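Worksheet: one structure, shown below.
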Amino acid sequence: DRDPKRVLDDVRILIALGLIEKTPDDKIVCPFADIHVDMHLAAGKPIALAVPPGESYAAGGRQALVNGVKASDDRYGDGEWLGWSAGDCEATIDLLEERPLTSVALRFFQGIGQWIWRPRSVEVRVSNDGGEFRTVAMTDSFDPSMTAKILPVHLAITGTTARYVR
C-alpha cells in the first residue's frame, strides 16, 4: 500500500519536472506516455554538482540525475546521460529531511568507440547536516574486460539514515 501523502508528493514532483501536466478540469496527463518514471527518494530533489559535466555531455542538466527517468540503454545522446571529461562526478542530493535509506542504485553508460568510460570506483557518503559526510558504501570491483554499454551498480546501505547523499 502506498502512503496517500507520498502519492500526492510524487504527483507534485512530476508536475514540477514537466513529466505530467494537470489540465484545467483537474485531470492528470502525461505527454511522454512511453517514459517510465521511477519515484525513488531522490526524484525531484535538489542536487548540487561539485564539478559541472563536460559541455558535450550536459544536455539533461544536473536534474537529469534525479528526475526518475531511465536513460537510454543504447545511446548517450538522449538528454538523460551526463558525462565528465575533467574531474570526478561528485553530486550531493538533499532529500529535504532525514530518511531511512536501504540502497543506492546507479547506472553508468560505456561507449568505448566514443571514448565514454565507466567510473573506476563509486563511493556513497551520507550526512545529516550537509557538512560532515561519512562513507556508507564503496566499490571498485568492476570487471576490466566489461564491454557492455550499461553498468548497473546497486549498493546496500541498510540501517542508514540521512538527509544528504553524496
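Predicted model, so just to flag it, every value in this text is computed and none were measured. Side-chain atoms are counted along with the backbone in the values below, which use heavy atoms only and exclude waters and symmetry mates.
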Thr135 OG1 to Ile157 CD1 distance, which is reported to the nearest 0.5 Å: 11.5 Å
Grab the two heavy atoms, one from Thr147 and one from Gln110, that are nearest each other, plus how far apart they are. CA-NE2, 3.9 Å
When you check the gap from the basic side-chain N to the acidic O, do Glu132 and Arg134 get nearer than 4.0 Å? no
Looking at every non-hydrogen atom in both residues, tell me the closest pair between Asp94 and Lys45 and how far apart they are. O-CB, 3.2 Å
Please answer: with hydrophobic residues joined when any side-chain heavy atoms are less than 4.5 Å apart, are Val165 and Val51 in the same cluster? yes
To the nearest 0.5 angstrom, please state how far the CD atom of Glu123 sits from the CG atom of Leu155. 10.5 Å
Correct closest heavy-atom pair for Ala64 and Gly79 would be CB-O, 4.1 Å
Between atom CG of Leu49 and atom CD of Glu90, what is the distance when rounded to the nearest 0.5 Å? 9.5 Å
How long is the straight-line distance from CD1 of Ile93 back to OH of Tyr164, given to the nearest 0.5 Å? 12.5 Å
According to a hydrophobic-cluster definition based on side-chain heavy atoms being under 4.5 Å apart (Ile, Leu, Val, Met, Phe, Trp, Tyr only), do Leu96 and Ile13 belong together? no
Between Thr161 and Glu98: side-chain donor-acceptor atoms closer than 3.5 Å: no
Identified side chain to side chain contact (heavy atoms under 4.5 Å, CB included) partner of Val126 from the options Val136, Val104, Leu95: Val136
Whether Arg120 and Asp140 form a salt bridge (side-chain N of Lys/Arg under 4.0 Å from carboxylate O of Asp/Glu) is what I want to check. no
Under the salt bridge (charged side-chain N to carboxylate O under 4.0 Å, His left out) test, residues paired with Arg107 that sit two or more places apart: Asp73
Which distance, rounded to the nearest 0.5 Å, do you find between the CG of Leu106 and the NE2 of His154? 10.0 Å
Between Ala162 and Leu101, which heavy-atom pair has the shortest distance, and what is it? CB-CD1, 4.0 Å
Could you identify which residues cluster with Ile150, counting Ile, Leu, Val, Met, Phe, Trp and Tyr as linked when any side-chain heavy atoms lie under 4.5 Å apart, either directly or through a chain of such contacts? Tyr57, Tyr76, Trp81, Phe109, Ile116
Taking a hydrophobic cluster as the set of Ile, Leu, Val, Met, Phe, Trp and Tyr residues connected by side-chain heavy atoms closer than 4.5 Å, whether directly or through intermediates, do Leu65 and Phe133 fall within one such cluster? no
